[in-house]
Amino acid sequence: MKLAELLDIDLKKIDREMTWMIKADLDLPMFFGIAGNIIHMIEAGGKRLRPMMVIVGSRFGRITDPKLVLRLAAVTEFIHVASLIHDDVIDKAETRRGQPTLHVKTDVQTAVYTANYMMARVVELLAAQEQEQEDNSYLKELSGLLTSQLCLGEYQQMNNRFNFDLPMETYLSKTRNKTAILMSSCLEVGAKLAKADEEVVCKLSQFGDHLGMAFQIRDDMLDFIQTSAVLGKPAGSDLANGNITLPVLYALQDERLAPKVRRLNDNSTQEEIGQVVSDIVNSKILHMVDKTAEEYLSAARKIAEELVDFRASKDLEILLAYFGKRVF
Ligand code: FPP
Ligand code: MG
């Protein structure tokens, strides 16, 4: 069964809301490439993980305005997709989920304008919402705060390219900024919208943070173990781009592997990168990385147990099972 079915969420409603986000913008001509790109992206589908997390969060409250929950759920997907369009330009990724990336299908300028428009539209809609509602503290979460963290996370990553002395705390803070904060905000915003108790909001936020950390750590692992056909991009791309992920940090703690890793730089050949990737794959490092991801999942599980009195706690179990799927 698909995650949406397990959570009893109709993804079509989320897609319809995303389509509304652009159709309701009378300043955006529908014949513009930007509109076509976004409609195409919506039709192409996706996991819609983040919108589902907003909906799950809202199930922990007393009052729910389904229309508003859906609006904010769609907003989170816009933020996510826009950030991936930028990410693919920055990473020079030619494919994502097996499909050509937007900048490959169109051009870099069009892709950047499309993503910028999506982010701007999010700000516009959130600002309109802010005027409509009295208690709108949750909007702060999704507007400036969250998007600036995404940018900071990516900047931390770029700023540390081939920095083999990257402290673990910097890696963790980068990971939190680029991935975990969005996930924790989704649950938090949903819960706040539904006027859940502050303590519950806080627990859901922590739960989302731990899931997000495990998710990104596993994603970093996949870059080492999956073939390019499955990954939709060449294996070892992160390392070739100089991104210091957890497998690399653990390899640097290994006397035998560290000198090989340290030799890599911007001019390293595909063979040199491939050799280090297979050295890491053939060592115990990925087991160590997986263990770290498991630790985050256990911490999330503990929080879910504290929320068992809520009917929606079964949704947390479902999310845990989904995020906890082993990649190794
Ligand atoms: C994927 O990382 C990328 C992110 C989780 C965030 C990217 C964010 C930005 C580029 C900032 C964008 C900000 C604005 C305002 C548009 P990855 O490369 O590790 O994952 P991948 O394997 O999915 O590419
Ligand atoms: Mg990328």
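Note that the structure is a prediction, hence the values are computed from the model and not measured. As the structure lists them, so they are numbered: ligands from 1, and atoms in each ligand from 1.
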- Task: Indicate yes or no: does an N/O atom of Asp220 lie under 3.5 Å from an N/O atom of ligand 1?
- Result: no
- Query: Purely on distance, is any nitrogen or oxygen of Lys178 under 3.5 Å from one on ligand 1?
  - Reply: yes
- Task: Apply side chain to side chain contact (heavy atoms under 4.5 Å, CB included) to Arg62 and list each qualifying residue two or more places apart in sequence or on a separate chain.
- Result: Lys195, Asp197
- Message: Quick check on the Mg ion (ligand 2): does Asp238 put an N/O/S atom closer than 2.8 Å to it?
- Response: no
- Query: Should Gln216 be listed as contacting ligand 1, given a heavy-atom distance under 4.0 Å as the test?
  - Reply: yes
- With a 4.0 Å heavy-atom cut-off (strictly under), which part of Asp219 contacts ligand 1: side chain, backbone, both or neither? side chain
- May I ask you to check whether Asp220 and Tyr171 show a side-chain donor-acceptor distance below 3.5 Å? yes
- Query: Is the closest side-chain donor-acceptor distance between Tyr250 and Ser283 under 3.5 Å?
  - Reply: no
- Restricting to N, O or S atoms of Asp91, which is nearest to the Mg ion (ligand 2)? OD2
- Task: Report yes or no: does a heavy atom of Ala115 sit under 4.0 Å from some atom of ligand 1?
- Result: no
- Message: Among the N/O/S atoms of Asp87, which is closest to the Mg ion (ligand 2)? Give the atom name.
- Response: OD2
- Examine the proximity of ligand 1 to Asp91 and report which part, side chain or backbone, both or neither, has a heavy atom under 4.0 Å away. side chain
- Query: Does ligand 1 have any atom sitting under 4.0 Å from a heavy atom of His80?
  - Reply: no
- Shortest reach to atom 11 (C) of ligand 1 by a heavy atom, considering only Glu154, Met119, Lys174: Glu154
- Query: Are Arg218 and Glu294 within salt-bridge range, i.e. N to O under 4.0 Å?
  - Reply: yes
- Main-chain N/O of Gln109 paired to Asp107 side chain as donor or acceptor, under 3.5 Å: yes
- Task: Establish, from distance only, whether the side-chain atoms of Thr245 and Asp238 form a donor-acceptor pair under 3.5 Å.
- Result: no
- Gln157 N/O to ligand 1 N/O under 3.5 Å: no
- Asn177 side chain to Leu152 main-chain N or O, any donor-acceptor pair under 3.5 Å? no
- With sequence neighbours excluded, what pairs up with Ile90 under the side chain to side chain contact (heavy atoms under 4.5 Å, CB included) test? none
